[in-house]
Structures are given as structure tokens and as C-alpha cells.
Chemist: 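Structure provided below as C-alpha cells; questions to follow.
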Amino acid sequence: MRGYLILPTLLALGVACAQSDVPVAEIFENGAYHAQPVSNYTISGARDGASTDATAVFTLENGDRLVIELHVAYNPTPVLARGNWRREGSSSEEGDVREESLKFLGGQGATPSVGGRFRLEMNGETRWRVVMPTQPLKK
């Protein structure tokens, strides 16, 4: 009987891990998240001593762009010190970024990699949820 429970759990974990390199953008409307197809994703930025600034751009299938700016500080572990976002295109929106999970790799001598799961808020209310694949920042 336990074998019936273990296999589905392992399959679910495998799917979740396999999808960690895929950018995800979900808009929160009518009390639920709705996936928005992402046609392109880039992240750029640089480390400057005790912090890293990164800008991620999600280009949605409809041509709109979600631009997310993150300031990651080390205290001594990486934390999102501040973040903001804006939507460009068919609709203009902007607000603050809240960290659900932050992934940071890279030491002083290595190119930093930033990713994770974030809520994009507008006027204190959740508007978007995004998953940023952890990848090296382009300059």
C-alpha cells in the first residue's frame, strides 16, 4: 500500500524539479491565479560588494512586458532588501515585489545567479506571482 503513495509523490517532485528552469507568470484575478504564457525571459545585473541588483524581464505572449527590479543584500545570507515591478504594454501597472523564496548562487569572484518565487503587489494587494529560473546575471 505504501508503494502506491511513494510513486506519485516521487513523480510530483520530479515534475516540480524539472520545471524549475521555466519562467512562470500568473496574474491574480477573481480570487485565483491564471497562467500567462511567457515568450521570452531575461535577467541582467551585477554584484557590488554586499549587494546585487538584478532586472528580470518577462515578455508575455501578448507582447506585454513585466519588468522586475530586485535589490538583494547579504545579511549574511541573501535577502530581498527591496524590489519593484512594472507592466508595460496593453496595460500599465506597477508596485512592490515580495519574496516567497529567493535563490542566490555565486560568491565574490563568481557571476551571481538570482531566481526564486515572488509576489508582485499593487496597492498592497497581490497582482502577479512569478517564478524566476535561477540563472547567471547578464551584464
Side-chain angles (χ1 to χ4, degrees):
M1 179 71 176
R2 289 191 326 185
Y4 290 111
L5 296 175
I6 293 172
L7 183 58
T9 302
L10 291 175
L11 286 173
L13 286 172
V15 168
C17 291
Q19 294 178 349
S20 65
D21 62 341
V22 176
V24 176
E26 300 171 310
I27 192 166
F28 190 75
E29 293 179 320
N30 301 318
Y33 287 102
H34 304 277
Q36 302 297 298
V38 177
S39 62
N40 191 38
Y41 171 78
T42 61
I43 188 163
S44 60
R47 182 173 181 157
D48 183 14
S51 66
T52 294
D53 289 309
T55 301
V57 179
F58 288 77
T59 303
L60 304 178
E61 193 173 73
N62 69 358
D64 286 6
R65 294 174 2 131
L66 291 176
V67 179
I68 302 164
E69 297 173 339
L70 306 175
H71 181 77
V72 178
Y74 315 109
N75 189 22
T77 59
V79 295
L80 179 63
R82 67 180 175 278
N84 55 57
W85 69 277
R86 67 185 179 277
R87 179 180 182 179
E88 302 170 344
S90 63
S91 178
S92 293
E93 303 173 321
E94 62 182 29
D96 297 319
V97 177
R98 300 287 177 241
E99 167 190 344
E100 288 185 2
S101 68
L102 173 68
K103 295 179 184 174
F104 179 87
L105 304 169
Q108 290 284 351
T111 301
S113 296
V114 176
R117 185 178 178 131
F118 303 89
R119 282 187 332 275
L120 311 182
E121 297 181 348
M122 187 169 70
N123 300 321
E125 300 290 327
T126 299
R127 181 67 178 137
W128 291 84
R129 180 172 61 188
V130 297
V131 175
M132 297 168 39
T134 306
Q135 56 186 256
L137 301 177
K138 296 176 184 168
K139 293 188 182 208

Chemist: Taking atom NE2 of H71 and atom OG of S51, what is their separation to the nearest 0.5 Å?
Modeler: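 Result: 4.0 Å between the selected atoms.
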Chemist: Is the shortest heavy-atom distance from the side chain of P133 to the side chain of Y41 under 4.5 Å?
Modeler: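 Yes, close enough: below the 4.5 Å cut-off.
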Chemist: Would you say that L66 contacts W85 through its side chain, given a criterion of any heavy-atom pair below 4.5 Å between the two side chains?
Modeler: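 Touching, per the 4.5 Å side-chain cut-off.
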Chemist: Hey, is E100 close enough to R117 for a salt bridge, meaning N to O under 4.0 Å?
Modeler: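 Answer for the salt bridge query: yes.
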Chemist: Is there side-chain contact between Y33 and T126, with at least one heavy-atom pair below 4.5 Å?
Modeler: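 The answer is yes; the side chains approach within 4.5 Å.
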Chemist: What are the two closest heavy atoms between Y74 and G49, and how far apart are they?
Modeler: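 Smallest heavy-atom distance, with atoms named: CE1-O, 3.8 Å.
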Chemist: Is any side-chain heavy atom of L70 less than 4.5 Å from a side-chain heavy atom of I68?
Modeler: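 The answer is yes; the side chains approach within 4.5 Å.
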Chemist: Do the side chains of L120 and M122 get nearer than 4.5 Å, heavy atoms only?
Modeler: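 No, side chains not in contact.
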Chemist: So which heavy atom on A73 is nearest to which on A81, and how close?
Modeler: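 Shortest heavy-atom separation between A73 and A81 comes out as CB-CB, 4.0 Å.
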Chemist: Between CD1 of I43 and CZ of F58, what distance do you get to the nearest 0.5 Å?
Modeler: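 Reported value, rounded in 0.5 Å steps: 8.0 Å.
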Chemist: Check the pair W128, Q36 against side-chain hydrogen bond (donor to acceptor under 3.5 Å, both in side chains), reporting the backbone distance first and the verdict last.
Modeler: CA-CA 10 Å; W128 291 84; Q36 302 297 298; over 6 Å; no
Chemist: Working to the nearest 0.5 angstrom, can you tell me the gap between D21 CG and M132 CE?
Modeler: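 Taking CG in D21 and CE in M132, the distance rounds to 14.0 Å.
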Chemist: Can you measure from CG (N84) to CD (E121) and round to the nearest 0.5 angstrom?
Modeler: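 The CG atom of N84 sits 12.5 Å away from the CD atom of E121.
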Chemist: Is the shortest side-chain heavy-atom distance between T59 and V38 below 4.5 Å?
Modeler: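 Answer no - side chains too far apart.
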Chemist: Please give me the minimum heavy-atom distance between T111 and P136, naming the atom from each residue.
Modeler: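 Scanning both residues completely, I find the closest heavy atoms to be CG2-CB, 4.1 Å.
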Chemist: What distance separates E94 CD from R87 CZ, expressed to the nearest 0.5 Å?
Modeler: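 Here the interatomic distance stands at 13.0 Å.
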Chemist: So do F118 and L80 actually touch side chain to side chain, heavy atoms under 4.5 Å?
Modeler: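 Side chain of L80 against side chain of F118, heavy atoms only: contact under 4.5 Å found.
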Chemist: Kindly indicate whether the side chain of L102, heavy atoms from C-beta on, has any atom under 4.5 Å from the side chain of V72.
Modeler: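 Side chain of L102 against side chain of V72, heavy atoms only: contact under 4.5 Å found.
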Chemist: Below 4.0 angstrom, N of the basic side chain to O of the carboxylate: do R119 and E99 qualify?
Modeler: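 Judged by the 4.0 Å cut-off on N to carboxylate O distance, R119 and E99 do not form a salt bridge.
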Chemist: D64 side chain to S90 main-chain N or O, any donor-acceptor pair under 3.5 Å?
Modeler: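 Side chain of D64 to backbone of S90: a pair is present.
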Chemist: Output the distance between atom CZ (R47) and atom CG (L137), rounded to the nearest 0.5 Å.
Modeler: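 Between R47 CZ and L137 CG, I get 11.0 Å after rounding to 0.5 Å.
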Chemist: Establish whether L60 and I27 are linked, either directly or via other cluster members, by ILVMFWY side-chain heavy-atom contacts under 4.5 Å.
Modeler: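 Both belong to a single hydrophobic cluster.
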Chemist: Strictly below 4.0 Å, N to O, side chains only: are R127 and E125 in salt-bridge contact?
Modeler: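 Salt bridge flag = no for E125 with R127.
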